[in-house]
K.L.:
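Can you keep this structure in mind? I'll have questions shortly.
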Protein chains: 2
Amino acid sequence: MSQHRPAGASGRAGAVPALPDLPEATVARLPEYLRALHNLAEAGDDTVSSEGLAAAAGVNSAKLRKDLSHLGSYGTRGVGYDVALLIHQIEYVLGLTHRRAVALVGVGNLGHALAGYAGFASRGFRIAALFDADPTRVGEEINGLTVRHIDDLLQTAAEERIAIGVIATPASAAQRVTDLLVAAGVTSILNFAPCVLAVPEGVDVRKVDLAIELQILSFHEHRKASLTALPGGRDEADPDLAATGTEDTAAPAPVEPAPPGRTRPTRTEVVGS
Amino acid sequence: MSQHRPAGASGRAGAVPALPDLPEATVARLPEYLRALHNLAEAGDDTVSSEGLAAAAGVNSAKLRKDLSHLGSYGTRGVGYDVALLIHQIEYVLGLTHRRAVALVGVGNLGHALAGYAGFASRGFRIAALFDADPTRVGEEINGLTVRHIDDLLQTAAEERIAIGVIATPASAAQRVTDLLVAAGVTSILNFAPCVLAVPEGVDVRKVDLAIELQILSFHEHRKASLTALPGGRDEADPDLAATGTEDTAAPAPVEPAPPGRTRPTRTEVVGS
DNA sequence: AGATGTGAAGCCTTTCACAGCC
DNA sequence: GGCTGTGAAAGGCTTCACATCT
């Protein structure tokens, strides 16, 4: 390879450089590198090897180097990466050089917690407005911000130059809120409601579903149990394998391991309690 | 293809069927399908086409069919999937046929909200114990559960047959808590603390970092701004492109787009403003 | 006719291994 | 000698398109 412009710079002289067209997988890891770098900086290190940074970020070093190489060439062979320079560069690419204003919709259980979450403020964001549909919650003050009624969203979002909307409402309200945010010109949404959102082209939605995370873990638990039990023999005391577990027997009614009958085109209902 | 056993059934007759060795990407989507299926069931549908379910789950139908085919063959050509049967099957694979006990460590801001989150209970989990290191919080009752001191974790986890640990402590405490959970025999951890956890082989960790989600969105905002501004011209009023934004100027100290100094070892810097 | 299940192709991501530079 | 940056290989995931079955 030869001369290295910060990957993807525009041709037009003096122009704002177009961002490198990073692979999504890389984008998703940059924040993790950034966090690790801030830790290193605080610890007083001013350079770090790909090996060291990779360990701090929980990835392997080849992946880290490949990721960073997409940003351009900011390391020094034989030495490593300059911590401050790299922080700088990643913050620039992620668009963290100015603080983005975030609107949080839904100040129930979860919303309340998010409104008070210090990690947002410390990592480049400012919660600029809180909304709720419940009139009894409007006016409440949380962390120095007053909860406004959702009907004010359109106007307030424009005034506050909201860049990102966070949805922490029940699923039933989420699509309506989304439409409002989109109408207000918001093009990035973080959705905590357990549902799929329809948005126009050009609007990005990321989803966080806490129950899904547990269900994925549950799969692996189930899997580990089925692996360690089979080539052993006595499947005792393992609720994962016993048809009638020792755990409560609730909502997702217990079922036989394998589907039953499955004969005719008919369905053999088993889900009933 | 011919006769279809529930993919990966063990040879041993009457044995608990080994779980199919699903691709991770598939595992991560099954909970989404499950949620969509529950919605359909509530709406009274008892069959659904791959097209219909895919739409409800926000994926394309080819992907859905491929995912489901890994579970075995539970659809009917010309008809679609039996909703109840499929719910059944996915719940079995995910290990949701019995309710897993979850321990939540850290009842601060976020932990409080998680302790009260109804979605856990309704989707296959039971919060069985709450822990905190702060003595002033021990004894507090949240949602019918009493907060215990973290020192009781080892004993309580065994008693309550804890299957999954959720960490909602500050990052500084997370590794200690992890070690405790692991010592207590917990092999699945959901980590909300912004840090990397070291765990022994065989322990699964999933991570949710709220700030990272926003930072990923920030990247796309930044990117959209740089794309729509360049081939336009007048880069007015866009804090993404103006060096001195209209937004607050805070924590991640505002920087020039391009790294400073950085003279010698040169590559033609273009990123400068 | 209609919809599933699936080889095969294409794309993206990760890993390897080493040339190149300090 | 040490460490980055990167082609090339390997692996995994998604999409296509159609054979197959009801």
Side-chain angles (χ1 to χ4, degrees), chain A residues 1-8 20-30 32-33 37 45-83 85-86 89 259 262-267, chain B residues 1-8 20-30 32-33 45-83 85-86 89 262-267:
Chain A
M1 133 128 330
S2 51
Q3 280 312 61
H4 224 350
R5 273 161 290 107
D21 198 351
L22 305 174
E24 262 307 303
T26 296
V27 173
R29 282 186 296 263
L30 288 180
E32 196 68 56
Y33 302 155
L37 284 163
D45 300 6
D46 44 34
T47 67
V48 64
S49 68
S50 63
E51 201 68 58
L53 182 52
V59 303
N60 76 48
S61 62
K63 192 186 287 186
L64 177 108
R65 287 200 302 278
K66 180 73 91 183
D67 282 341
L68 294 187
S69 77
H70 287 118
L71 305 186
S73 197
Y74 294 107
T76 307
R77 292 168 201 234
V79 177
Y81 299 92
D82 179 300
V83 171
L85 173 60
L86 201 47
Q89 197 50 32
R262 197 90 238 297
T263 29
R264 242 54 52 49
T266 28
R267 23 201 148 303
Chain B
M1 141 129 319
S2 50
Q3 277 317 59
H4 227 347
R5 275 159 290 108
D21 198 351
L22 305 175
E24 264 307 304
T26 296
V27 173
R29 283 186 296 263
L30 289 179
E32 197 67 58
Y33 302 155
D45 301 5
D46 43 36
T47 67
V48 64
S49 67
S50 63
E51 202 67 58
L53 182 52
V59 302
N60 77 48
S61 63
K63 192 187 285 186
L64 178 109
R65 287 200 301 278
K66 180 75 86 183
D67 282 342
L68 295 187
S69 77
H70 287 119
L71 306 185
S73 196
Y74 294 106
T76 307
R77 290 169 203 236
V79 178
Y81 299 92
D82 179 301
V83 171
L85 175 59
L86 200 49
Q89 196 52 32
R262 203 89 235 302
T263 29
R264 243 53 51 49
T266 33
R267 31 245 118 295

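Residue numbers begin at 1 in each chain, while the letters A, B, ... track the order of the sequences.
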K.L.:
Could you state the OH-P distance from B:Y74 to D:dC21, rounded to the nearest angstrom?
P.N.:
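Interatomic distance, OH of B:Y74 to P of D:dC21: 19 Å.
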K.L.:
Just distance, no hydrogens or angles: give the donor-acceptor pairs under 3.5 Å from side chains in residues 22-30 of chain B, sequence neighbours left out.
P.N.:
residue: B:E24; atom: OE2; partner: A:H220; partner atom: NE2; Å: 2.8
residue: B:T26; atom: OG1; partner: B:D67; partner atom: OD1; Å: 2.7
residue: B:R29; atom: NE; partner: B:Y33; partner atom: OH; Å: 3.4
residue: B:R29; atom: NE; partner: B:D67; partner atom: OD2; Å: 2.7
residue: B:R29; atom: NH2; partner: B:D67; partner atom: OD1; Å: 3.0
residue: B:R29; atom: NH2; partner: B:D67; partner atom: OD2; Å: 3.2

K.L.:
So, does A:T76 get its side chain near the phosphate of D:dT4, meaning an N or O under 4.0 Å from OP1 or OP2?
P.N.:
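So the side-chain polar atoms of A:T76 never come under 4.0 Å of the phosphate oxygens OP1 or OP2 of D:dT4.
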K.L.:
Check side-chain hydrogen bond (donor to acceptor under 3.5 Å, both in side chains) between A:S49 and all other residues, then give those that pass, not counting sequence neighbours.
P.N.:
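Residues passing side-chain hydrogen bond (donor to acceptor under 3.5 Å, both in side chains) with A:S49: none at all.
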K.L.:
Produce a footprint string for nucleotides 8-13 of chain D: one letter per nucleotide, 5' end first; B if the base is under 4.0 Å from any protein heavy atom, S if only the sugar-phosphate is, - if neither.
P.N.:
B----S
K.L.:
Nearest whole angstrom, please: distance from the C1' of C:dC16 to the CD of A:E51.
P.N.:
14 Å
K.L.:
Heavy atoms only: give me the nearest B:V48-B:L53 pair and the separation to one decimal.
P.N.:
CG2-N, 3.5 Å
K.L.:
Do any side-chain nitrogens or oxygens of A:N60 fall under 4.0 Å of OP1 or OP2 in C:dT15?
P.N.:
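Result: yes.
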K.L.:
Does B:Y81 place a side-chain N or O at less than 4.0 Å from the phosphate oxygens OP1/OP2 of D:dT22?
P.N.:
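Checking B:Y81 against D:dT22: no side-chain N or O falls below 4.0 Å of OP1 or OP2.
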K.L.:
Is the phosphate of D:dC3 approached by A:S50 (side-chain N or O, under 4.0 Å from OP1 or OP2)?
P.N.:
no
K.L.:
What is the separation between atom CG on A:D67 and atom P on D:dG5, rounded to the nearest whole Å?
P.N.:
12 Å
K.L.:
In whole angstrom, give the distance that lies between atom CG of A:L22 and atom P of C:dT14.
P.N.:
13 Å
K.L.:
Just compare C:dC16, D:dG5, C:dT4 and give me whichever is closest to any side-chain atom of A:R65.
P.N.:
D:dG5
K.L.:
Measure the distance from OH on B:Y33 to P on C:dT4 and round it to the nearest whole Å.
P.N.:
13 Å
K.L.:
Nearest whole Å is fine: how far is C:dT6 P from B:L68 CG?
P.N.:
11 Å
K.L.:
Counting only distance, no hydrogens or angles, is the base of C:dT4 paired donor-acceptor with the side chain of B:R77 under 3.5 Å?
P.N.:
yes
K.L.:
How many whole angstroms separate atom NE2 of A:H70 from atom P of C:dC12?
P.N.:
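In whole Å, C:dC12 P lies 12 Å from A:H70 NE2.
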